[in-house]
2 protein chains.
Amino acid sequence: MLKPHLLFTLLTLAELGEELRGKPVTTYFIAEKLRSSQQTASKRLIELEKLGMINRFKRGEGELITVSSEGLKELNFLFMSLKRIFEPGVEEIVFRGKVFTGFGEGAYYVSKNGYLNQFVEKLGFRPYPGTLNVKLEEAGKGVVKSRELLKALKPIVLQGFESDGRSFGPVRCFKATVNGLGECALIEAHRTHYGSDVIEVISPFNLRRRLGLKDGDEVEVRVFSTPL
Amino acid sequence: MLKPHLLFTLLTLAELGEELRGKPVTTYFIAEKLRSSQQTASKRLIELEKLGMINRFKRGEGELITVSSEGLKELNFLFMSLKRIFEPGVEEIVFRGKVFTGFGEGAYYVSKNGYLNQFVEKLGFRPYPGTLNVKLEEAGKGVVKSRELLKALKPIVLQGFESDGRSFGPVRCFKATVNGLGECALIEAHRTHYGSDVIEVISPFNLRRRLGLKDGDEVEVRVFSTPL
DNA sequence: ATTACTAACTATCGAGTAA
DNA sequence: TTTACTCGATAGTTAGTAA
């Protein structure tokens with residue numbers, strides 16, 4: 001987690017970016033905005049750059065500073081926290097991606113009694129034994145990776161458990177709709193086998209059949225932090 | 001301005017407040033949330049209380065902690081900054097209050113050429129020589145004082161100037177509507193004679209006549225940070 | 001002119017512990 | 001048990017100044 005004073009510096013830089021679109025700035029200028037010395041501004045820029053939160057380019061007098069997508073992610077996380085306080089109940093994240101066939105692992109996990117009972121209890125439905133895998137198409141260019149935004153949402157958490165001599169970790173769930181169909185949930189296993197550009201959805205239905213989906217089809221998954 | 005680490009503590013407390021409605025907490029519990037020691041948590045609570053950002057009440061085991069309206073104001077300011085980054089163009093603040101008759105000072109200032117030219121240039125209209133004074137009715141109970149929220153909005157700034165051997169300060173303006181009528185602007189003089197519960201509105205029209213207003217009538221003033 | 005190093009200073013943190 | 005003090009350690013800031 002980014003230290004508070006660095007996060008603030010990042011926010012200041014992001015605000016600046018809005019005002020002076022692509023104009024180079026000096027460390028003195030930033031220091032003024034931060035209400036700090038030039039030296040402190042310089043040091044913080046160095047730290048933020050080292051952490052991959054910003055990019056710096058020399059430009060004659062001053063330099064061009066842009067907040068990286070990693071940095072935007074941090075700020076967005078903060079934003080979501082505040083949004084939950086000041087604008088509760090309006091949270092929604094939209095994922096778009098293509099359906100693909102997984103290794104069938106989802107079905108195995110979903111069918112475990114340790115999880116199954118909790119699905120029924122906490123999500124209100126008994127899931128079809130299988131998950132719909134969606135590979136996200138990420139917009140590039142400084143856009144926050146939406147999969148990461150889930151961290152900012154309040155999950156429904158299924159407890160981990162022991163079974164057959166091995167342990168099953170906790171699972172974070174979010175109520176969702178797939179192509180408008182409700183009663184779905186996005187699940188986020190702690191030890192996932194896929195990259196961060198893949199999401200898994202469960203539902204009481206066989207989603208492929210119900211929605212007539214085949215590999216490569218585009219779907220829209222809407223995730224809600226508040227009960228549907 | 002609140003120090004970053006204190007603002008973060010405040011945010012954590014506000015988030016906690018959402019979760020555990022009115023449940024007492026211990027400094028150990030808060031420390032865990034802050035990922036700090038109990039001692040640090042304690043110290044920060046003391047500081048925040050001293051600054052009037054939170055209220056603390058002893059409750060047997062632990063204490064009840066609420067974020068004060070002052071504290072909410074700080075968080076809201078932060079929220080607005082982030083909102084401008086992630087959701088630009090959707091900012092709007094609604095004021096409600098009662099019309100009252102002022103000292104006629106507004107007319108004097110508005111008529112000054114130094115300001116008048118800037119009104120035309122930056123707001124796009126020549127204001128009627130007089131301001132509509134609105135006394136805000138503040139909701140109590142932990143609600144942020146909306147007048148303070150203006151600080152978070154991006155103003156249109158009229159430069160100060162010298163005239164007749166005295167100096168006139170800069171003035172912050174915000175495009176607004178009054179009871180739905182556009183082409184109005186809320187003005188915020190640096191040296192205002194009224195308290196922070198009063199706002200002044202200008203417009204090319206005589207607003208009282210145009211909207212049929214008399215002292216004590218309720219009006220709704222909507223302020224926008226982006227051009228109307 | 002601008003950035004960033006070093007060294008001295010100041011603020012924040014947390015272990016130990018009192019109340 | 002819980003809160004908050006003291007105080008030594010660490011992190012953050014700034015002045016001076018080199019590059």
Side-chain angles (χ1 to χ4, degrees), chain A residues 1-14 16-17 19-68 71 74-75 78, chain B residues 1-14 16-17 19-68 71 74-75 78:
Chain A
M1 189 48 163
L2 206 54
K3 284 180 187 150
H5 68 276
L6 289 181
L7 191 49
F8 267 99
T9 307
L10 201 58
L11 174 57
T12 305
L13 291 172
L16 241 47
E19 282 173 38
L20 346 142
R21 291 233 155 272
K23 287 212 181 62
V25 288
T26 68
T27 51
Y28 289 101
F29 180 75
I30 293 165
E32 194 182 297
K33 293 289 174 187
L34 294 173
R35 295 158 175 269
S36 78
S37 66
Q38 174 271 328
Q39 291 86 340
T40 294
S42 170
K43 201 183 200 187
R44 290 194 186 172
L45 288 178
I46 292 168
E47 289 184 77
L48 284 172
E49 188 179 24
K50 196 148 53 187
L51 291 166
M53 298 293 159
I54 59 169
N55 300 118
R56 314 173 69 183
F57 309 96
K58 285 261 144 49
R59 274 284 180 289
E61 72 235 40
E63 48 192 281
L64 216 133
I65 298 173
T66 56
V67 178
S68 71
E74 287 286 339
L75 289 174
L78 178 63
Chain B
M1 187 49 162
L2 205 54
K3 284 181 187 148
H5 68 275
L6 290 181
L7 191 50
F8 267 100
T9 307
L10 200 58
L11 174 58
T12 306
L13 292 172
L16 240 48
E19 282 173 39
L20 346 142
R21 293 230 154 275
K23 288 213 180 63
V25 289
T26 68
T27 51
Y28 289 100
F29 180 75
I30 292 165
E32 194 182 298
K33 293 289 173 188
L34 293 173
R35 294 158 177 269
S36 78
S37 67
Q38 175 272 327
Q39 291 86 339
T40 294
S42 169
K43 202 190 245 177
R44 291 194 185 171
L45 288 178
I46 292 167
E47 288 183 76
L48 284 172
E49 188 179 25
K50 195 149 53 188
L51 290 166
M53 297 293 160
I54 59 170
N55 300 119
R56 313 173 69 183
F57 309 96
K58 286 261 145 49
R59 274 286 180 289
E61 73 236 38
E63 49 192 281
L64 217 134
I65 298 174
T66 55
V67 178
S68 71
E74 287 285 340
L75 290 174
L78 178 64

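Keep in mind that this is a model prediction, so the values were computed, not measured. Sequence lines set the chain letters: A, B, ... in the order given, protein chains first and strands last, and positions in each chain run from 1.
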Mind checking the CE-CG spacing from M53(B) to L75(B)? Nearest 0.5 Å is all I need.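 M53(B) atom CE to L75(B) atom CG measures 9.0 Å (nearest 0.5 Å).
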
Using the side-chain contact (heavy atoms from CB on, under 4.5 Å) definition, which of the options T40(A), L2(A), L34(A) pairs with T9(A)?
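Going through the options one by one, the only one that passes is L34(A).
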
Separation of atom [atom1] in [X] from atom [atom2] in [N], rounded to whole Å:
X      : N       : atom1 : atom2 : value
F8(B)  : dT12(C) : CZ    : P     : 15 Å
R56(A) : dT3(C)  : CZ    : P     : 7 Å
E63(A) : dT3(C)  : CD    : C1'   : 8 Å
K43(A) : dC9(C)  : NZ    : P     : 16 Å
L45(B) : dG14(C) : CG    : P     : 14 Å

Where chain A begins and ends its contact with DNA chain D, read 5' to 3' at 4.0 Å from heavy atoms: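 In short, chain A contacts DNA chain D from dG12(D) to dG16(D).
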
Whether the side chain of S42(B) engages the backbone of Q38(B) through a donor-acceptor N/O pair (distance < 3.5 Å, no angle test) should be reported.
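Side chain of S42(B) to backbone of Q38(B): no pair is present.
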
Donor-acceptor pair, distance only, cut-off 3.5 Å: does the side chain of S68(B) make one with the backbone of G52(B)?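 Side chain of S68(B) to backbone of G52(B), a donor-acceptor pair under 3.5 Å: yes, one is there.
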
R44(B) side chain N/O closer than 4.0 Å to the phosphate oxygens (OP1, OP2) of dG14(C)?
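Checking R44(B) against dG14(C): no side-chain N or O falls below 4.0 Å of OP1 or OP2.
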
Is any side-chain heavy atom of [X] less than 4.5 Å from a side-chain heavy atom of [Y]?
X      : Y      : answer
R44(A) : L6(A)  : yes
I65(B) : I30(B) : yes
L11(B) : L13(B) : no

Mind listing the residues from residues 24-37 of chain B sitting with a heavy atom below 4.0 Å of DNA chain C? Number order is fine.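 Those residues are S36(B), S37(B).
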
